[in-house]
Amino acid sequence: MSANQPPSAPSVTRLPGYTKADLEEILGTGDDPFGVAGAGLTWLPKEDHFGVRLDGRLVAHAGLLRLPVAIGDVETEVMGVGGVAVAPDVRGRGLAGLVLAAALDHARTQGPAHALLFCRPPLVPLYRRLGWHPLDTEVLVEQPGSAVVTMPLRTMVTPLRDTARLPTGRVRLYSLPM
Ligand SMILES: CC(C)(COP(=O)(O)OP(=O)(O)OC[C@H]1O[C@@H](n2cnc3c(N)ncnc32)[C@H](O)[C@@H]1OP(=O)(O)O)[C@@H](O)C(=O)NCCC(=O)NCCS
């Protein structure tokens, strides 16, 4: 960018893919960029990716994946959201909200009535602010070797339609977590 050009306004685009290099462009090369290594879980890569570039640099990401789930005795699907990341030097400017809004706009076209994500407890207020609600029921997820484990992180949910009502009861994801 030349000295007399204003910085470009952030806008979200659908990314053709999302590599380790893309993640490192946003969060750097640390070995636990999401702070969840302590949970010891294996995670699924996401299928659809949304990103924000500022002056060509990838600074924010959110990923989406449609997943089978049982909630109580209702077998259904949810849109899993994961890999939410904003570069440290541009946090606190609404970029997580921006990239999540684009991901949820796409999620609304996919059919499931709810989106679900897992986060560390300190991030619950941030996601609440963005319209998500914590689930207080047990959430079971799969792990390699046919193991089914209780999700130790917080589970947050948001409706994708005005009329969506989440069934009550325990949540059982029929996949690795996203
Ligand atoms: C978590 C993370 C994505 C947030 O990115 P960010 O760009 O700073 O977030 P935003 O600026 O979009 O903030 C989102 C909203 O939460 C609010 N918020 C931020 N921190 C908050 C807090 N501690 N408590 C309550 N609200 C908070 C913001 O004010 C904003 O609301 P507003 O738009 O109404 O003002 C970023 O810190 C990050 O990449 N962390 C490392 C990776 C990670 O842990 N990802 C989460 C995986 S679940």
Side-chain angles (χ1 to χ4, degrees), residues 7-15 17-67 69 78-107 112 114-143 149-160 171 173 175-178:
S8 57
S11 66
V12 187
T13 56
R14 182 114 174 241
L15 304 175
Y18 188 63
T19 63
K20 184 160 183 274
D22 293 327
L23 167 65
E24 289 180 353
E25 187 174 358
I26 300 172
L27 290 182
T29 55
D31 55 8
D32 186 15
F34 293 97
V36 296
L41 295 169
T42 300
W43 299 87
L44 278 177
K46 273 49 83 182
E47 253 163 29
D48 293 304
H49 301 278
F50 300 83
V52 176
R53 286 186 193 280
L54 286 178
D55 301 316
R57 173 185 157 219
L58 189 62
V59 294
H61 167 264
L64 273 184
L65 181 64
R66 186 169 164 164
L67 295 171
V69 67
V78 290
M79 294 305 293
V81 172
V84 179
V86 173
D89 60 315
V90 293
R91 286 181 190 162
R93 298 190 199 173
L95 294 184
L98 188 69
V99 78
L100 271 167
L104 292 183
D105 280 349
H106 181 73
H114 292 88
L116 201 120
L117 65 75
F118 302 114
C119 69
R120 289 176 286 117
L123 291 178
V124 167
L126 181 148
Y127 285 113
R128 270 190 190 276
R129 178 101 183 131
L130 296 173
W132 296 72
H133 303 281
L135 272 189
D136 290 323
T137 52
E138 186 181 25
V139 177
L140 300 172
V141 301
E142 296 186 356
Q143 287 291 279
V149 302
T150 298
M151 169 54 67
L153 300 172
R154 294 307 306 267
T155 302
M156 307 292 292
V157 66
T158 195
L160 296 171
V171 174
L173 208 59
S175 72
L176 299 177
M178 65 292 154

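Just so we're clear, the structure is a prediction, and the values are computed from it rather than from any experiment. Atoms within each ligand, like the ligands themselves, are counted from 1 in listed order.
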Taken in chain and number order and not counting sequence neighbours, the residues that satisfy ring pair (Phe, Tyr, Trp, His ring centres under 6.0 Å) with Phe50 are His106

Does Gln143 have any side chain to side chain donor-acceptor pair (under 3.5 Å) partners at least two apart in sequence or in another chain, and if so, which? none

Neighbour list for ligand 1 [protein residues, heavy atom under 4.0 Å]: Leu27, Pro33, Phe34, Val84, Ala85, Val86, Arg91, Gly92, Arg93, Gly94, Leu95, Ala96, Gly97, Phe118, Cys119, Arg120, Leu123, Pro125, Leu126, Tyr127, Arg129, Leu130

Give the C-alpha distance, both sets of side-chain angles, the deciding distance and a yes or no for side-chain contact (heavy atoms from CB on, under 4.5 Å) between Leu64 and Lys46. CA-CA 5 Å; Leu64 273 184; Lys46 273 49 83 182; 5.6 Å; no

Residues forming a side chain to side chain donor-acceptor pair (under 3.5 Å) with His114, sequence neighbours excluded: none

Could you go step by step and tell me if Leu104 and Leu160 meet the side-chain contact (heavy atoms from CB on, under 4.5 Å) rule? CA-CA 7 Å; Leu104 292 183; Leu160 296 171; 4.0 Å; yes

Would Val52 and Leu58 satisfy side-chain contact (heavy atoms from CB on, under 4.5 Å), going step by step from the backbone distance to the final call? CA-CA 6 Å; Val52 176; Leu58 189 62; 6.0 Å; no

